[in-house]
Structures are given as C-alpha cells and as structure tokens.
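Worksheet: one structure, shown below.
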Amino acid sequence: MPTKLIIAIVQDEDAARLISELMNEGFSATKLATTGGFLRSGNTTLLVGVAEEQFSKCLSIIEKVCKSRRQIASSPVMMGSPGDHYMNYPIEVTVGSATVFVLHVEQFIKF
Ligand code: 2BA
C-alpha cells in the first residue's frame with residue numbers, strides 16, 4: 001500500500017522514458033501535463049504512490065533517467081509601469097533534472 005506520494009516535475013523530453021522505466025519496475029504513475037511558472041513552457045508532473053520499501057528505488061529511477069539541461073527561453077519583461085507593454089527578453093537557465101516533492105499518504109482508497 002502506498003505510504004508516500006512522490007510528485008516529480010520533470011522535463012517533457014525525459015517523461016516518456018521515465019514512465020516506461022517506472023512501469024517496467026512495477027510502479028503506478030499518473031502523468032499530468034503542466035507548465036513551469038517561470039519559463040511558461042510545458043513540463044510533466046508525475047504522481048507516484050509508493051510503498052515505504054519501494055521509495056528509494058523510485059527516487060533512483062527518477063535520478064537516473066532525468067537530465068538537467070541549459071535552456072534558452074524568452075521571458076516576458078514588463079517595460080515601464082504596470083499596465084504598460086511586455087518585451088520578450090532571451091535568458092539562459094539550467095532546468096534541473098527533476099524537482100521532487102515527497103508527501104506522506106494519510107489514506108489510500110480505491111473504489
Ligand atoms: P519553471 O518555473 O519554468 O522554471 C524553469 C527553470 O527556470 C528552473 O529550473 C530554474 O532554473 C529557473 N527559474 C525558476 N524560477 C526562477 C526565478 N524566479 N528566477 C530565475 N530563474 C528561475 P528548476 O528549478 O529545475 O525547475 C524546473 C521546474 O520545476 C519549474 O519550471 C517548475 O515547474 C518546477 N518547480 C521548481 N521548483 C518548484 C517549487 N518550489 N514549487 C513548485 N514547482 C517548482
């Protein structure tokens with residue numbers, strides 16, 4: 001029974017392989033199409049409920065599959081005062097391999 005919920009925000013490029021590896025190892029996962037607040041571009045959030053003894057294995061798979069990448073993006077920068085126009089300004093950031101939140105699962109119910 002899952003006792004922890006792993007919420008992993010990963011890059012779209014890594015998502016398919018990550019899901020395959022998790023499925024191959026017997027994990028259950030839900031994929032959400034999400035958007036990063038800073039870059040405003042798509043990323044993928046996986047919800048993975050895991051039993052205590054499977055927790056480290058799941059984290060290792062995420063760590064192994066997901067890669068960090070430098071990304072050029074255009075970030076809207078406000079020109080002038082609020083209400084004025086925005087200009088797109090190119091920026092380079094390193095997007096991490098995975099941002100992971102771990103939550104305690106109070107109850108796990110399937111109807
Ligand atoms: P984004 O918000 O689109 O952020 C993409 C990358 O841009 C970040 O990579 C970071 O390198 C940079 N960045 C983010 N906010 C910034 C800021 N205020 N100033 C300068 N650079 C900034 P990561 O940190 O690896 O994050 C990748 C994605 O993970 C994020 O996409 C966001 O969707 C999620 N994320 C990261 N930290 C989070 C948090 N504390 N809460 C919720 N989601 C988070």
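Atoms within a ligand are numbered from 1 in the order they appear, just like the ligands themselves.
Under a 3.5 Å cut-off, the side chain of Q11 and the backbone N or O of G96 do form a donor-acceptor pair. Side chain of T30 to backbone of L47: no donor-acceptor contact under 3.5 angstrom is found. Not a single donor-acceptor pair under 3.5 Å links the side chain of T35 to the backbone N or O of R40.
With contacts defined as side-chain heavy-atom distances shorter than 4.5 Å, the pair R69/D14 qualifies. At a threshold of 4.5 Å between non-hydrogen side-chain atoms, the residues N43 and T99 do not count as touching.
Those atoms of ligand 1 with a heavy atom of G36 less than 4.0 angstrom away are 1 (P), 2 (O), 3 (O), 31 (O), 33 (O). Proximity to G96 (heavy-atom distance under 4.0 Å) selects the following atoms of ligand 1: 9 (O), 23 (P), 25 (O). Below 4.0 Å from some heavy atom of G37 lie the following atoms of ligand 1, by number and element: 1 (P), 2 (O), 3 (O).
The option with the heavy atom closest to atom 32 (C) of ligand 1, from among T35, N43, L39, I91, is N43. The option from V93, T99, T94 that lies nearest to atom 11 (O) of ligand 1, judged by heavy atoms, is T94.
When only non-hydrogen protein atoms are considered, atom 2 (O) of ligand 1 lies nearest to F38 N, 2.8 Å. Nearest to atom 41 (N) of ligand 1 among the protein's heavy atoms is F101 CZ, 3.4 Å. Annotation: atom 34 (C) of ligand 1 to nearest protein heavy atom, I9 CD1, 3.7 Å.
Residue E106 places its CD atom among 12 or fewer non-hydrogen atoms of other residues, nucleotides or ligands, all under 6.0 Å distant. Under a cut-off of 6.0 angstrom, the local environment of CD in E63 is sparse, with at most 12 non-hydrogen atoms contributed by other residues, nucleotides or ligands.
Distance remark: protein heavy atom not present below 4.0 angstrom from atom 24 (O) of ligand 1.
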